[in-house]
Amino acid sequence: MEVFKKGSNVFKILSEAVSEGIVIVNKEQHIVATNSAANEVFGYAEDELLGQHLDILIPKKYHHSHHSHVDEFMDKSEKRSMGHGRNLYGRRKDGSHFPVEAGLNPFSIYDQEYVMALVIDITVRKKAEQELKHWAEIFNESLNEIFIFDAATLKFMDVNKGAQQNIGYTLDELRSMTPVDIKPDFDEAAFRNEITPLLIGEKEKLIFYTTHQRKDASTYPVEVHLQKTVKENKDTLVAIILDITERVEYTNKLEKEVAIRTRQLQDALKKEKELGELKTKFLSLVSHEFKTPLSGILTSATLAGKYTKEDQQEKREKHLNTITSKVKYLNNIINDFLSIERLESGSVNYNFASFPLSKVVNEVIYDANMMLKEGQTIAYPEGIDTIVVHFDEKILALVLTNLINNAVKYSSENTTVNIIIEQNEDSLKISISDEGIGIPKEEQKHIFNRYFRAENALLNQGTGIGLNIVKTHLENLGGSITFTSIENKGSTFVVTIPITDKDQ
Ligand code: ADP
């Protein structure tokens, strides 16, 4: 104690010049001197610590281990710093603890041994260290891939775990590689070109999309975020990589979906448009096609009304016949149109049933007979009385009506319409031939197109829809229609339908 009193001025001057806290203890670990930095760090007034045991500056839980340390230290009498490599804490007057780094310097004066402890409060440094550790953890644990590389050599300097895992290379392997090695779409020149705006300060951040190639050669789409930082005077680039495989897949799926929906919408619009056109067409055809038969019906009805006498029955019947046939003709047009409408809107329903073929053939020929010209005949098919078919009866009637009416319509007086029906194992073949105007060769390929009418048919009434719907219905039901025709000689239409029931 004396020593310090004697030299107290010198000690004071020297110790106050030091920013670290200085605490000097004797062999018994009693404090013999402190500087004001130490007083301040531990929260004591000047001289308040003098004579106190060193324990007062050490948290209680460390007392035991500290004693043995100090004893050992005194024995060895060597300089060393404490607090490196392990956590050392000091205790303030108010009882609070704080991390310290302490350097111990033993010395002896006048045969007395002392230890001078230089104490630094490292609270701030510890905090900074923890913060740094925290950031390092964030860097490493981030699920995004982070690559840091030298702007000059392009060599990777650091790569986080997430990146190593996805790309498949170890950090060691990556350190001898550059971004160009994992970006198949870039060569070095192109990559340097890409990052130039960052390096010359033209941009603060770069975002671009490219592909990364893993060690196993597989690839994945990425979004790259690049920023420049300076580390140890070197321009460094930090790349945060987002693996956008799922986003790209989702986008692709979405785009496909949009394409499908657009197509469906276009189809629906097209259908809508076609139906609209159909209605317009129907109105114009009705006004055109209905006029002649209607005025014929009117004339016949008027004339029939004039033949009031009993012996004029034959004339009356002739006009009534005309009326019936023309009404049937109009009815057929309407049926054809309804067929198109149902086929187009997808609301066509087929009804299968078993029925005798002769029933339908009789009805159709009966109606067609009313339209015959002078000397025209329809040769009734032979050998059909026992045939039973399983088919849509209305459709078969529509098919035969169209074909037989055409045969009658497009041939002149004194000709014959021949109907031949052949029953095969699982199909029925119906041929309808006429000796009429035929279909010009160059127009034959269009004959099943909707609204198509050959040049030589234009003098006759017609809509150009009969053959089109006949073909569509037959194909829907597993049947078919073909024809052969020679202009001015005649035509033969052949229909085949599948049958399930045979002779009964
Ligand atoms: P439409 O008879 O009402 O005009 P269709 O669809 O039944 O309509 O026939 C289309 C076209 O095919 C006819 O306009 C005609 O040119 C031609 N055609 C059909 N059947 C015959 C036939 N038996 N003889 C000559 N031409 C025919």
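Source: prediction; values computed, not measured. Note that ligands are numbered from 1 as they come in the structure, with each ligand's atoms numbered from 1 the same way.
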* To do: Establish, yes or no, whether a centroid distance under 6.0 Å links the rings of Phe452 and His446.
  => yes
* Asked: Looking only at N/O atoms, are Asp434 and ligand 1 under 3.5 Å apart anywhere?
  -> yes
* Nearest to atom 27 (C) of ligand 1, what protein heavy atom do you find, and at what distance? -> Tyr410 CD1, 3.6 Å
* To do: Please check if the distance between the ring centroids of Phe186 and Phe208 is under 6.0 Å.
  => yes
* Asked: Under 3.5 Å, is there a donor-acceptor pair between the Asp216 and Ser218 side chains?
  -> yes
* Shortest protein heavy-atom distance from atom 4 (O) of ligand 1, along with the residue and atom involved -> Arg453 NE, 2.5 Å
* To do: Just jot down the ligand 1 atoms closer than 4.0 angstrom to any heavy atom of Gly466, in number order.
  => 5 (P), 6 (O), 7 (O)
* Asked: Any luck finding a side-chain donor-acceptor pair between Gln266 and Arg263 under 3.5 Å?
  -> no
* Structure fact -> Among Ala457, Gly462, Pro440, closest by heavy atom to atom 15 (C) of ligand 1 is Ala457
* **Nearest protein heavy atom with distance in Å, relative to atom 17 (C) of ligand 1** => Ile447 CD1, 3.8 Å
* Looking at Ser491 and Ser485, what are the two nearest heavy atoms and their distance? -> OG-OG, 2.8 Å
* Atom CD1 in Ile244, atom OH in Tyr250: separation rounded to 0.5 Å? -> 15.0 Å
* Report, in ascending order of atom number, the atoms of ligand 1 lying under 4.0 Å from any heavy atom of Lys409. => 1 (P), 2 (O), 3 (O)
* Any donor-acceptor pair under 3.5 Å linking the side chain of Asn402 with the backbone of Leu398? -> yes
* Is Ser491 in contact with ligand 1, taking contact as a heavy-atom separation below 4.0 Å? -> yes
* Asked: Do you see a donor-acceptor pair shorter than 3.5 Å between the side chains of Tyr410 and Asp434?
  -> no
* Asked: Is any NZ, NE, NH1 or NH2 atom of the basic residue among Glu129 and Lys133 found under 4.0 Å from an Asp or Glu carboxylate oxygen of the other?
  -> no
* Asked: Among protein heavy atoms, which sits nearest to atom 16 (O) of ligand 1, and what does the distance come to when rounded to 0.1 Å?
  -> Ala454 N, 2.9 Å
* Asked: Where is the nearest protein heavy atom to atom 3 (O) of ligand 1: which residue, which atom, and how far?
  -> Thr463 N, 2.7 Å
* Structure fact -> Atoms of ligand 1 under 4.0 Å from any heavy atom of Phe452, numbered from 1 in the order shown, are 10 (C), 11 (C)
* Asked: Between Asn402, Ile465, Asn406, Ile432, which one has a non-hydrogen atom sitting closest to atom 20 (N) of ligand 1?
  -> Asn406
* Got the closest protein heavy atom to atom 26 (N) of ligand 1, with its distance? -> Ile439 CG1, 3.4 Å
* Structure fact -> When distances are taken from atom 5 (P) of ligand 1, the protein heavy atom at minimum range is Leu467 N, 3.7 Å
